[in-house]
Number of protein chains: 2
Amino acid sequence: MTSKRRLGVETAKNRSRLIDAAVELMVEEGYAAVTARKVAAKAGLKVQLVYYYFKDMDDLILAVVKRNSVKRMKRFVRTLAGPDPLRAIWVMNRDSTSAASTTELLALANHRETIRSEVVRAAKEFRHLQIEAVEQLLGDYGLDREKVPPAAVVTIIAALSRAMAQDSALGVDEGYPEAVALVERGLDWLVQQGDGGAGGGDSVPREVPGLDES
Amino acid sequence: MTSKRRLGVETAKNRSRLIDAAVELMVEEGYAAVTARKVAAKAGLKVQLVYYYFKDMDDLILAVVKRNSVKRMKRFVRTLAGPDPLRAIWVMNRDSTSAASTTELLALANHRETIRSEVVRAAKEFRHLQIEAVEQLLGDYGLDREKVPPAAVVTIIAALSRAMAQDSALGVDEGYPEAVALVERGLDWLVQQGDGGAGGGDSVPREVPGLDES
DNA sequence: GTCTATACTTCGATAGAC
DNA sequence: GTCTATCGAAGTATAGAC
């Protein structure tokens, strides 16, 4: 009813190519460069195909966001399966391959409602899952939730990771080595609480965490 | 030599208005909306004045970035003058009035070289000054730099602040109350080391910082 | 599904009169 | 310093033939 033009299948090969092209463009040149013409050119297709597969440009961007969310969730589930999930979460967050597109998506979400709601939805879901996982872990370690709130740990780790990814993309690394070292110390300590000095093997306990009296 | 067109004074009233308009547009609609026509319209001026005062659009954006840096530096210097500079730095970083433009500028810096170098320059300078200030403070408090590295403290605080500002702009606050509380606890503890339980008065020491054994 | 053709808008940027 | 006039390039989106 709403639109005269009516077509566009979901699992088509060219549709996927257009999304790929859009992601590349966003990373390389920024969201402003994601135009129908450029996307089509990068995908080796004609402009009109963009409008055949997507309602409009917002619809294309939305597809990019969703693909992004799905990929990240899959990685997260895989990550949790391994040993030392706490540090795995940290490393996963630190991974900066998707840092560039995250920055762009964040900026985009501020100004386009459809994008915003999807970004927010995915972010909340992801955050909750991480908190839940860490709650479980710290519980297993027998740690007091009051002293080491899982939500705080996850949030600080995520914040530091994102900032580091954003800054290193620009070539700014001032302070990060020290910050990372401090977090690592904290994680060492947390994990050490867990295996009680028996299981792991190569975990080097060292001392107390970061902010302790001298 | 390079350009035929040659004019544009630095301290003109209309020049400043154009920068104002550019900032507003960037915050409200994103950097892609900062076009010569829209900026002029928002400033109530004719399009051509944009090109009279600025070499090109990049030049305008650059002016926005510089104004931003200067403003932030001034706030920082003011901030350091007061009592409890450590917490003042934290509060200042948390301030989210400029969060929106920061997100945009960050995204922009990834793709435009002239913007990037200025953003990076300002970021590094600012970070160094903060680290220096905190080093001084923690030194006064008689704290061991190995246990509480100033660079790590500043970086984590800045990272958490930025992430929180970005997320709250979108309406995501999951985990932040807990993270903020943890940081506050840490700051309480640090400051407490400083005034030895004498000076301040209303500072409630409570206990040890965040990541301590139970 | 894909292409041709096309309408309309907005953009950056400049030349030159006043 | 500001305005009129003007380019050409690039953008979104649609209609309709094949």
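Quick caveat, the model's predicted, so the values are computed rather than measured. Within every chain, numbering begins at 1; the chains are lettered A, B, ... in the order of the sequence lines, protein sequences first and strands thereafter.
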- Message: Here's a test for you: under side-chain contact (heavy atoms from CB on, under 4.5 Å), which of A:I157, A:L86, A:L129 qualifies with A:V134?
- Response: A:L86

- Message: Under 4.0 Å, heavy atom to any atom of DNA chain D: which of residues 20-48 of chain A qualify?
- Response: A:T35, A:A36, A:R37, A:K38, A:Q48

- On the ring face of A:W189, is A:R185 found with NZ or CZ under 6.0 Å from the centre and within 45° of the axis? no

- Message: Between the side chains of B:D20 and B:R67, is the shortest nitrogen-to-carboxylate-oxygen separation below 4.0 Å, so that they form an ion pair?
- Response: yes

- Gap between atoms CZ and P, on A:F54 and D:dA13 respectively (whole Å): 13 Å

- Query: Hey, does the side chain of A:R116 reach the backbone of B:L170 with a donor-acceptor pair shorter than 3.5 angstrom?
  - Reply: yes

- Option passing side-chain contact (heavy atoms from CB on, under 4.5 Å) with A:Q193 (candidates A:L138, A:D188, A:D140, A:L143): A:L143

Hey, what are the protein-to-nucleotides 16-18 of chain D N/O distances that come in under 3.5 Å?
none

- Query: Would B:E184 and B:R94 pass as an ion pair if we require N to O under 4.0 Å?
  - Reply: yes

- Donor-acceptor contact present, side-chain A:E104 to main-chain A:Y31, <3.5 Å: yes

- Note on the structure: So, with a heavy-atom separation below 4.0 Å from DNA chain D, the residues of residues 57-65 of chain B are none

- Are the side chain of B:N68 and the backbone of B:V64 linked by a donor-acceptor contact shorter than 3.5 Å? no

- Query: Centre of A:Y53's six-membered ring, under 6.0 Å away, within 45 degrees of the axis: is that where NZ or CZ of A:R17 sits?
  - Reply: no

- Message: Salt bridge or not between B:K42 and B:E28? Use side-chain N to carboxylate O under 4.0 Å.
- Response: yes

- Side-chain contact check for B:Y51: nearest option of C:dT2, D:dT2, C:dA13 is C:dA13

